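Only one structure is covered here, and it is reproduced in the block below.
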2 protein chains.
Amino acid sequence: MPDLDHDSPVPLWEQLAGRLREEITSGRLTGRVSSATALAMSYGVSRDTALRALAQLASEGLTVARRGRGTFVVPAADRGR
Amino acid sequence: MPDLDHDSPVPLWEQLAGRLREEITSGRLTGRVSSATALAMSYGVSRDTALRALAQLASEGLTVARRGRGTFVVPAADRGR
DNA sequence: GAGAATTTGTACGTATGTATG
DNA sequence: ACATACATACGTACAAATTCT
C-alpha cells in the first residue's frame, strides 16, 4: 500500500477517503473504521485531514460516525436509506 | 441583525450558513457573496468557520465558488442543475 | 509582462466540548 | 475518574487562480 501523495493535486483527505471508500465498497472493510487519530498516524497526515476523510465517507452514507464510539461501515444492504 | 450565538448548540458555521441561505433564497442576496475573510471579520468568527459556511452553501448548489474570484449566488432559475 | 493584492482551498497544530466505554 | 473518539473552533501557513497596478 503506497503512501499518500503529498504532491498530488488531489487533496490528501480525498485520497484517504478514496482508499477507505475502495476498501468499503469492495467489502474488505466492514464494522469499525480506524479512528481519525489512528488514520492520521498511520497515513502521516493531521487528525483534521483524517477527520475530513471520515466526514466525507459519512456524507456519502458509506459510514456512520457516532460520538464517543467510532465510525462504522454501513452494511451494503442498508446503503441509500 | 443579531450576532451569532456562541453558546448555541448549533455550530457557528451552521448559523452563518443559515443567515446567508436565508438571504439567498429570499432573493435579497444575489451576485457576489462576501469573501470568507470579510465574513469572518464582520461576524466575529474565524476564517475557517466562514469558509465552512460558504462550502456548505456551495454543496447545496446555492452558490459557486471560484478560486481567485469569489463566491457567487447561483440564479434561482439555475438551481438544481 | 512583472509584481502585488485578493480570494478560495488545503493542511497542520491546538484547544475545548460532548458522548461513550 | 479516566481514556477514547467525534465535532467544533481558533490560529497559522502556504498553494493556486484571478485581478489590479
Side-chain angles (χ1 to χ4, degrees), chain A residues 2-21 23-24 29-75 78, chain B residues 2-21 23-24 29-75 78:
Chain A
D3 280 354
L4 299 178
D5 184 0
H6 286 250
D7 296 328
S8 165
V10 179
L12 286 177
W13 67 266
E14 248 187 58
Q15 292 182 47
L16 178 51
R19 299 280 185 94
L20 298 171
R21 188 184 301 110
E23 291 189 9
I24 291 170
L29 175 56
T30 58
R32 199 175 161 288
V33 182
S34 298
S35 74
T37 307
L39 286 172
M41 299 231 304
S42 62
Y43 282 94
V45 296
S46 77
R47 186 179 153 278
D48 184 80
T49 300
L51 220 37
R52 269 181 94 162
L54 290 175
Q56 177 59 34
L57 297 176
S59 81
E60 293 171 13
L62 255 34
T63 61
V64 251
R66 297 216 190 91
R67 260 193 180 164
R69 303 226 284 140
T71 296
F72 302 86
V73 175
V74 174
D78 298 349
Chain B
D3 280 354
L4 299 179
D5 182 2
H6 281 67
D7 296 329
S8 164
V10 179
L12 288 175
W13 66 266
E14 246 184 62
Q15 292 182 47
L16 178 51
R19 298 280 185 94
L20 298 171
R21 189 184 302 109
E23 290 189 11
I24 291 170
L29 175 56
T30 58
R32 197 172 164 290
V33 182
S34 299
S35 73
T37 307
L39 286 172
M41 299 232 305
S42 60
Y43 282 93
V45 296
S46 73
R47 182 176 165 274
D48 185 79
T49 300
L51 262 179
R52 212 165 155 180
L54 289 175
Q56 176 61 33
L57 297 175
S59 80
E60 293 172 13
L62 254 36
T63 61
V64 247
R66 297 219 190 89
R67 258 192 182 171
R69 304 232 289 141
T71 298
F72 302 85
V73 175
V74 174
D78 299 349

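Reminder, nothing fancy here: chain letters follow the sequence lines and each chain counts from 1. Bear in mind the structure is a predicted one, so any value in this text is a computation, not a measurement.
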Can you name the nearest heavy-atom pair linking B:Ala53 to B:Ala17, along with the distance?
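Reported closest heavy-atom pair: CB-N, 3.8 Å.
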Which heavy atom of A:Leu29 sits nearest to which heavy atom of A:Val73, and what is that distance?
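Heavy-atom minimum between the residues: O-CG2, 3.6 Å.
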To the nearest angstrom, how far is [X] atom [atom1] from [N] atom [atom2]?
X	N	atom1	atom2	answer
B:Leu51	D:dT12	CG	P	15 Å
A:Asp48	C:dA15	CG	C1'	13 Å
B:Arg69	C:dT8	CZ	P	12 Å
B:Glu14	D:dA9	CD	P	9 Å
B:Asp5	D:dT8	CG	C1'	14 Å
A:Arg52	C:dA11	CZ	P	7 Å
A:Gln56	D:dC6	CD	C1'	17 Å
B:Phe72	D:dA17	CZ	C1'	12 Å

Does A:Thr49 make a side-chain N or O approach to OP1 or OP2 of C:dT10 shorter than 4.0 Å?
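Looking at the OP1 and OP2 atoms of C:dT10, neither is under 4.0 Å from any side-chain N or O of A:Thr49.
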Examine C:dT8: is either OP1 or OP2 under 4.0 Å from a nitrogen or oxygen in the side chain of B:Thr71? Give yes or no.
yes
Nearest 0.5 Å, please: how far is [atom2] in [Y] from [atom1] in [X]?
X	Y	atom1	atom2	result
A:Thr49	A:Leu12	OG1	CG	6.0 Å
B:Leu54	B:Trp13	CG	CH2	12.0 Å
A:Leu20	A:Leu62	CG	CG	9.5 Å

Could you check which nucleotide pairs with C:dT7 in any of the strands shown, counting Watson-Crick or G-U wobble with both distances under 3.5 Å?
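Looking at the geometry, C:dT7 pairs with D:dA16.
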Which of these nucleotides, [options], is closest to any side-chain atom of [X]?
X	options	result
B:Ser35	C:dT10, C:dT8, D:dT8	C:dT8
B:Ala65	D:dC6, C:dG9, D:dT8	C:dG9
B:Ser46	D:dA7, C:dT10, D:dC10	D:dC10

Nearest nucleotide by nearest heavy atom, which residue falls closer to the 5' end of DNA chain C, A:Ala50 or B:Arg32?
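Looking at the nearest nucleotide for each, B:Arg32 comes out on the 5' side.
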Donor-acceptor pair under 3.5 Å, B:Arg47 side chain vs C:dG9 base:
yes
